[in-house]
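To find a chain, count down the sequence lines: A is the first, B the second, and so on, and within it residues start at 1.
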Amino acid sequence: MEGVVKPRTHRGRRVLEAREPKLRENDKSALLLQGASSSMLLKTVLKDMHSLKKPLSVLYRKKNMTRPFEDQTSVEFFSRKAECSLFLFASHSKKRPHNLTLGRIFDHHVLDMHELGLESYRSLHEFKVQKCMQGLKPLLLFTGEEFESDLEHRRLKNILIDFFRGPSISAVRLGGLEHVLSFTAINGRIFVRSYRVLLKRSGVKLPRVELEEMGPFLDLVPRRVRIASQDLFKRAMRRPPAVLRKPRKNVSHDPFGSKLGRIHMQQQHLDTLALHHGRALRKPRKEGKGANSENEESESKMGKVNGRGKGSNVGRKQDVKSRSKKRRVH
Amino acid sequence: MATQLDALLAQAEAAEEEAKRSVTVEKPLELHFDSGNLLAIDPNPLNETEFRLDREGYLKNVTRDNAQLLINHIWSLPTENVDGVVIAKLPEGKTPIPREKPVPKAKPLTRWEQFAKLKRIKNRKKSKKVWDEQLKEWRPRWGYKRANDKGRDWLIEVPNNADPYEDQFAKLKAAKKERIARNEFKRLCNIARSRKLKVPGVGLPTKDDPSKQELGTAMSLAKRATASVGKFQESLPKEKPRSTRKKRKFEPLIGDFLHEKEWQLGILSKMSNKVPKLDVTKAVNKHVLEEEQEAATEKEKRGGKRKNGSKSERRSKAGVKPDARHGHRNQGKGKGKSKGRGKDRVKGKVGKGRAAGPRRVASARGKAGKGRRGKK
């Protein structure tokens with residue numbers, strides 16, 4: 001059978017299972033790679049991005065002869081290998097100096113790509129200040145009208161959120177909001193700044209926020225763009241109904257696992273209540289008329305239970321047994 | 001005294017005002033917050049002159065204000081105290097982000113799962129360990145060091161009618177191998193069925209007591225399994241030649257025009273008089289299956305309540321298992337099956353319904369003939 005991979009080990013099976021599509025997906029990780037010609041600057045960019053995105057990133061240190069805008073298959077292959085659905089590709093040429101391609105992948109195919117030229121850069125290490133912890137979820141700030149008005153900018157905003165938002169979490173420590181990434185769009189440029197947050201006492205409950213620049217520092221110019229078609233984007237955006245389902249109201253579960261809820265009952269009318277018709281309540285059949293020997297036999301088989309009331313279950317059980325026995329003889 | 005107090009109060013109030021001012025930011029347009037992603041989007045236009053004068057300072061100021069607003073927003077979320085640490089509960093992210101893989105499709109059911117669904121057979125949890133009577137200890141139900149393992153015995157009694165020189169140990173081993181192979185074959189069949197591929201052909205599954213016809217097929221297959229496709233194999237004294245595919249005969253290119261005309265007219269008339277053939281066997285099978293499915297869904301709708309003692313009844317009703325016709329138990333002595341087969345074949349010839357196997361017909365007969373399924 002072609003295309004069916006049967007794992008040979010349990011571990012392999014678990015790996016394959018983890019790669020299957022899921023209802024609730026895991027956090028996206030990013031693949032950082034460079035083209036055949038890259039610059040020293042871009043290498044530091046990739047390294048810095050790697051240290052910002054760890055552990056949700058994979059850094060390829062060797063050069064790869066590929067150009068995503070001309071041929072995407074190679075990037076798709078690498079992303080499938082590394083199980084990453086985001087990529088940042090760095091390349092440097094005379095025509096497009098210090099070029100970064102930010103893209104993402106849906107169903108093992110490129111969904112959209114944005115090419116960004118790097119105009120100026122200062123790395124993490126150039127700022128001699130204390131850094132925030134690794135693997136933190138940063139605060140993301142988008143400023144500027146362009147992010148609202150222009151379709152390409154809106155898509156770029158979406159991809160930047162996707163790329164930098166980090167792990168999805170259900171709760172956050174209030175004191176642990178340490179890192180701010182700000183993206184400002186003005187005059188056709190995008191300014192990326194990264195700050196460490198200092199929460200100061202203000203005298204009221206809320207803290208006073210002060211920022212300290214910690215790098216990296218990027219000035220970017222949008223270049224070529226390949227955005228997904230409306231149709232494909234919609235398909236990628238589809239959320240399964242099982243995820244969207246709202247929790248039922250008025251039903252809760254206690255720690256012992258039992259289900260609790262409030263039931264609203266209408267008043268019962270005792271005279272129209274459908275009660276169990278027990279055999280004991282039935283009128284006795286007239287005797288002597290149709291009672292021949294055959295009938296008696298069958299009744300004895302059925303386990304006649306007179307005067308047992310609701311206990312007629314016993315009789316029914318016997319009944320079934322006798323019937324099933326009869327069948328087996330065939 | 002009073003004036004002093006007033007002054008103090010005014011001072012405190014002023015300090016509080018100042019503190020409040022230090023954490024509030026005024027913006028003409030409100031920010032969009034997505035606290036699930038710790039995200040804020042500021043739609044306000046930027047001041048270009050200020051930006052040109054002092055780019056870094058301006059960016060930092062704007063960012064600080066927005067960060068203050070976002071942190072104020074997050075701090076206003078419902079909080080919880082866990083081990084002396086205050087955490088805010090975050091809602092799900094609002095920003096629509098594309099998935100990385102498409103929404104998973106429902107897995108196609110295996111043949112057994114289909115059957116179990118139809119018959120409402122549910123998996124019951126079994127304990128992982130079972131008591132081993134011999135060793136007097138709890139052991140795994142299956143796998144390595146399992147309980148009540150027949151292969152563990154160092155001595156096996158030779159069954160009554162068995163060949164005394166037969167190796168019973170080897171027999172056990174071979175049976176196990178056979179079971180594994182059969183299971184794998186079934187697995188592949190399930191995959192092939194779900195992908196609408198052709199089920200891979202295997203020569204002939206081995207059986208304990210094959211019929212005469214099966215033996216014949218096995219022999220002819222074995223004979224052809226040589227490098228020269230059985231060309232040089234000698235035939236047995238009374239062996240009948242196996243039916244081979246007929247050689248195609250072609251009409252001459254030019255010749256009997258009258259015959260050709262008749263032939264083509266025949267095709268035309270066949271096409272024009274086409275009436276759908278009624279395949280009785282197939283129709284009955286379809287009807288029975290539909291009825292069963294309906295009953296199953298109805299039962300499901302009514303809720304999973306079982307009445308007392310209906311279990312044994314249901315089992316007997318349950319028809320034949322999906323692959324029961326291969327089992328050794330049902331050979332020639334199943335529930336009226338041997339009787340059924342002969343009749344089926346006749347039916348099959350009438351309706352050309354070869355696709356319908358004998359299995360379903362047997363259950364259909366059970367219904368029609370004995371009224372087993374009728375309401376009682």
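For Lys22(A), the part lying under 4.5 angstrom from a heavy atom of chain B is the backbone only. Looking at Ser202(A), both its backbone and its side chain come within 4.5 Å of chain B, counting heavy atoms on both sides. In this structure, chain B has no heavy atom under 4.5 Å from any part of Arg235(A). Of the atoms belonging to Lys200(A), not a single heavy atom falls under 4.5 Å from chain B. Contacts of Thr95(B) with chain A are made by side-chain atoms alone, with heavy-atom separations under 4.5 Å and no backbone atom involved. Of the two parts of Asp27(A), neither the backbone nor the side chain holds a non-hydrogen atom closer than 4.5 Å to a non-hydrogen atom of chain B. Both the backbone and the side chain of Phe106(A) come within less than 4.5 Å of a heavy atom of chain B. Contact of Pro207(A) with chain B is made through backbone and side chain together, with heavy-atom distances under 4.5 Å. Of the two parts of Glu80(B), neither the backbone nor the side chain holds a non-hydrogen atom closer than 4.5 Å to a non-hydrogen atom of chain A. Only the side chain of Leu111(A) has a heavy atom closer than 4.5 Å to any heavy atom of chain B. With a threshold of 4.5 angstrom between heavy atoms, Ile105(A) approaches chain B through N, CA, C or O but not through any side-chain atom. Only the backbone of Ala185(A) comes within less than 4.5 Å of a heavy atom of chain B; no side-chain atom from C-beta onward does. Only the side chain of Leu70(B) comes within contact range of chain A, with at least one heavy atom under 4.5 Å from a heavy atom of that chain. Neither the backbone nor the side chain of Thr24(B) has a heavy atom closer than 4.5 Å to any heavy atom of chain A. Within the 4.5 angstrom heavy-atom criterion, only side-chain atoms of Phe217(A), from C-beta onward, approach chain B. Ile169(A) touches chain B through backbone and side chain together, each having a heavy atom under 4.5 Å away. There is no contact between Arg155(A) and chain B, counting heavy-atom distances below 4.5 Å. Looking at Asp112(A), neither its backbone nor its side chain comes within 4.5 Å of chain B, counting heavy atoms on both sides. Val86(B) touches chain A through backbone and side chain together, each having a heavy atom under 4.5 Å away.
The closest side-chain donor-acceptor pair between Lys27(B) and Asn66(B) falls under 3.5 angstrom. A side-chain donor from one of Asn158(A) and Arg104(A) sits under 3.5 Å from a side-chain acceptor of the other. Side-chain contact annotation: Asn190(B) with Thr110(B), donor-acceptor N/O pair under 3.5 Å absent. Residues Ser194(A) and His179(A) have side chains that bring a donor and an acceptor to within less than 3.5 angstrom of each other. A donor atom on one side chain and an acceptor atom on the other are found under 3.5 Å apart for Thr49(B) and Asn47(B).
Atom CZ of Arg208(A) and atom CD1 of Ile71(B) lie 11.5 Å apart (nearest 0.5 Å). Here the CH2-CZ distance, from Trp142(B) to Arg146(B), works out to 10.5 Å after rounding to the nearest 0.5 Å. Remark: Lys137(A) NZ to Asn37(B) CG distance equals 5.0 Å, nearest 0.5 Å. The distance from the CD1 atom of Ile161(A) to the CG atom of Leu140(A) is 7.0 Å, given to the nearest 0.5 Å. Distance CG/Leu141(A) to CG/Leu69(B): 9.5 Å, rounded to 0.5 Å.
In terms of heavy-atom pairs under 4.5 angstrom with chain B, the leader among Gly203(A), Pro240(A), Ser149(A), Ser168(A) is Pro240(A). Of the listed residues Glu20(A), Glu148(A), Glu25(A), Arg173(A), the one with more heavy-atom pairs under 4.5 angstrom with chain B than any other is Glu25(A). Annotation: maximal heavy-atom pairing with chain B below 4.5 Å, among Tyr195(A), Phe233(A), Phe183(A), occurs at Tyr195(A). In terms of heavy-atom pairs under 4.5 angstrom with chain A, the leader among Glu18(B), Glu16(B), Glu48(B) is Glu48(B). Most heavy-atom pairs under 4.5 Å with chain B, from the set Ile159(A), Val180(A), Leu177(A): that is Leu177(A). When each of Val172(A), Asp107(A), Leu139(A) is checked for heavy-atom pairs under 4.5 Å with chain B, Val172(A) comes out on top. The choice from Leu181(A), Thr143(A), Val204(A) that makes the most heavy-atom pairs within less than 4.5 Å of chain B is Thr143(A).
The two atoms that bring Asp162(A) and Leu86(A) nearest to each other are O-CD1, 3.7 Å, heavy atoms only. Pairing each heavy atom of Glu146(A) with each of Gly188(A), the nearest pair is OE2-N, 3.7 Å. Across every non-hydrogen atom of Leu206(A) and Trp75(B), the tightest pair is CD2-CB, 3.6 Å.
Classification of the Phe33(B)-His73(B) ring pair by plane angle, with boundaries at 30° and 60°, yields parallel.
Centroid-to-centroid, the aromatic rings of Phe51(B) and Phe191(A) come within less than 6.0 Å.
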